[in-house]
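Please read all numbers here as calculations on a predicted model, not as lab measurements. Counting starts at 1 for both ligands and their atoms, following the listed order.
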Amino acid sequence: MKFQLYKINANNDFEVICKGLAERIYLDGRFTIKYKGEEFETEEQLPDHSATAKVLINKLKEHKVINDFSDIKGIGHRIVHGGERFTQSTIITDEVFMEIKKMITLAPLHNPPAIAAIKAFRNIIAVPNVAVFDTSFHTTISEENYLYSVPYEWYTDHQVRRYGFHGISYRYITNHLAKILEKPVEEVNAVICHLGNGASMCAVKKGKSFDTSMGLTPLEGLIMGTRSGDIDPSIHQYIATETGQDLATITDILNKKSGLLGISGVSSDLRDVFASSKENQRSRLALKMSSKRIAKYLLAYANELDGEVDAIVFTAGIGENSAAMRQLVINNLKILKVDLDPIANEKKYDSEKLISSTRSILPIYAIRTDEEIMICTDTYNLTKK
Ligand code: AMP
């Protein structure tokens, strides 16, 4: 459980006053809090999310980050799946809470811990809790892009469709790009590559999500740290027959043992894959395959935007930090005449940098995403009196 505490400073800007991380919940519990340039790490009893929420709140008092619980005016939660219902962030009423609970079937891995956290915070402090959904940004995608070519009843009866994820990040990047390009958000057309351990891409048309690579679940699309991304749907059946493994086990392998890890056999972490690529042919293969997959989506999305792309953006752990991966992707865009400036691509930066060369037909940026500030902004806007 990651957290950040914000306050509004004299300039009316949000300022992070403290941040931290609760790890190994259900295991041997570790809690880190960073405050005024100092970092405190302790072992804590974190048997569940309720206990973790209590530790978090008490630590804020213990370190005198807050004087009283009443200093906190609102709590924002990142919720991975909001289905079709939640097209924007919302205050968590009892009814909203029940709706989010119902979506557990769509996101069995992601929604339950978020629900546990909401419940815990609601029990400790009487302030509004706000749900900010990873799916909301993509609720603008049209039928032709969100439907799968399966019986239509799978959609009407079982909600099988593309939902897309990383929407909080895409919204932040779109807003930020509008400022860089000095144009209204409603006019921004871009292809955004959110490349982290989980990775996806988004075609943004007129400031809205037009298409995205993740689907019903975050398994579809790009080759990720441990997720396969796109594969032939028959592989499930074939492997079940070959190995005798059941569907749940195979789905788990596609989520946790595939992707960079599965191909390279070395690691899910891109840094390890690059580091081993000199001696390990499979690491080289993993790099080739993942960069080609990104390029494939990039070209398709540039086409979906009718070629009217204002910019290509790289973000998240890999997109922000790996000049080498950005270069591999751009090298694979053979029919789109874009080009990187190698010096700019390697240069250190704070929040964003232009990395394309003067020869490039469109600008390419690396932009550091900030999902927390989006959650904070929505929470503030929905809870301010
Ligand atoms: P995220 O899920 O956004 O935290 O991204 C995690 C991924 O970013 C991992 O595959 C890391 O290897 C990669 N990453 C983080 N920092 C760097 C870096 N400096 N160079 C290359 N890859 C990085």
Side-chain angles (χ1 to χ4, degrees), residues 1-4 19-23 32 34 78 80 109-110 113-114 134 137 164-173 176 192-202 212-214 217-229 255-278 280 282-294 313-331 340 342-353 355 364-375:
M1 192 194 281
K2 272 206 294 192
F3 69 93
Q4 294 196 6
K19 55 167 98 171
L21 181 67
E23 294 171 286
T32 314
K34 287 186 197 164
R78 175 191 183 185
V80 167
L109 297 178
H110 294 96
D134 259 324
F137 187 68
F165 302 89
H166 296 136
I168 306 171
S169 171
Y170 289 129
R171 187 152 61 101
Y172 173 82
I173 297 289
H176 198 83
I192 307 174
C193 314
H194 178 109
L195 311 178
N197 192 33
S200 71
M201 289 175 58
C202 186
T212 193
S213 61
M214 281 180 170
T217 74
L219 188 55
E220 193 182 344
L222 303 181
I223 294 173
M224 310 180 214
T226 59
R227 293 184 207 137
S228 63
N255 271 299
K256 297 189 187 145
K257 302 213 169 107
S258 302
L260 292 178
L261 173 65
I263 304 162
S264 71
V266 172
S267 171
S268 61
D269 191 306
L270 186 78
R271 286 167 288 201
D272 300 336
V273 180
F274 265 113
S276 59
S277 62
K278 266 211 173 94
N280 187 343
R282 278 172 54 187
S283 295
R284 289 198 293 279
L285 196 57
L287 295 171
K288 227 182 225 170
M289 287 169 67
S290 58
S291 55
K292 277 185 78 165
R293 180 80 56 88
I294 299 164
V313 179
F314 289 95
T315 191
I318 294 169
E320 291 167 17
N321 300 305
S322 179
M325 181 49 95
R326 293 191 297 249
Q327 188 68 64
L328 284 180
V329 172
I330 298 302
N331 290 350
L340 287 181
I343 294 170
N345 191 29
E346 296 281 353
K347 216 167 117 189
K348 283 207 165 72
Y349 68 112
D350 289 329
S351 64
E352 86 264 334
K353 63 174 176 177
I355 55 176
I364 310 172
Y365 292 94
I367 303 179
R368 297 197 190 281
T369 195
D370 193 343
E371 290 161 298
E372 285 85 356
I373 195 80
M374 292 312 303
I375 298 172

Closest non-hydrogen protein atom to atom 11 (C) of ligand 1, residue and atom name please, with distance? D269 OD1, 3.4 Å
Only one of R171, H110, R78 clears side chain to side chain donor-acceptor pair (under 3.5 Å) with D134; which? R78
Option whose closest heavy atom lies nearest to atom 20 (N) of ligand 1, chosen from T369, N321, D272: N321
Would you mind running through ligand 1 and noting each atom that sits below 4.0 Å from a heavy atom of G196? 1 (P), 2 (O), 3 (O), 5 (O)
Heavy atom of the protein closest to atom 3 (O) of ligand 1 (residue, atom name, distance): G317 N, 2.9 Å
Which protein non-hydrogen atom lies closest to atom 10 (O) of ligand 1, naming both residue and atom, and how far is it? L270 N, 3.1 Å
Give yes if a backbone or side-chain nitrogen or oxygen of L195 is under 3.5 Å from a nitrogen or oxygen of ligand 1, and no if not. no
Atoms of ligand 1 less than 4.0 Å from N197 heavy atoms? 1 (P), 2 (O), 5 (O), 6 (C), 7 (C)
Can you tell me which residue among S277, S276, S264 is in a side chain to side chain donor-acceptor pair (under 3.5 Å) with S283? S276
Just so I know, are the side chains of R284 and I263 near enough to count as touching, which here means a heavy-atom distance under 4.5 Å? no
Options H194, R271, M224, H166, ranked by nearest heavy atom to atom 23 (C) of ligand 1, top entry: R271
Would you say that T369 contacts I168 through its side chain, given a criterion of any heavy-atom pair below 4.5 Å between the two side chains? no
Report the nearest protein non-hydrogen atom to atom 7 (C) of ligand 1: residue, atom name, distance rounded to 0.1 Å. I318 CG1, 3.7 Å
Distance-only, no hydrogens or angles: does the R368 side chain make a donor-acceptor pair with backbone N or O of Y349 under 3.5 Å? yes
Would you indicate whether K353, at its atom NZ, is surrounded by more than 12 heavy atoms from other residues, nucleotides or ligands within a distance under 6.0 Å? yes
May I ask you to test the H194-M214 pair for a side-chain heavy-atom distance under 4.5 Å? no
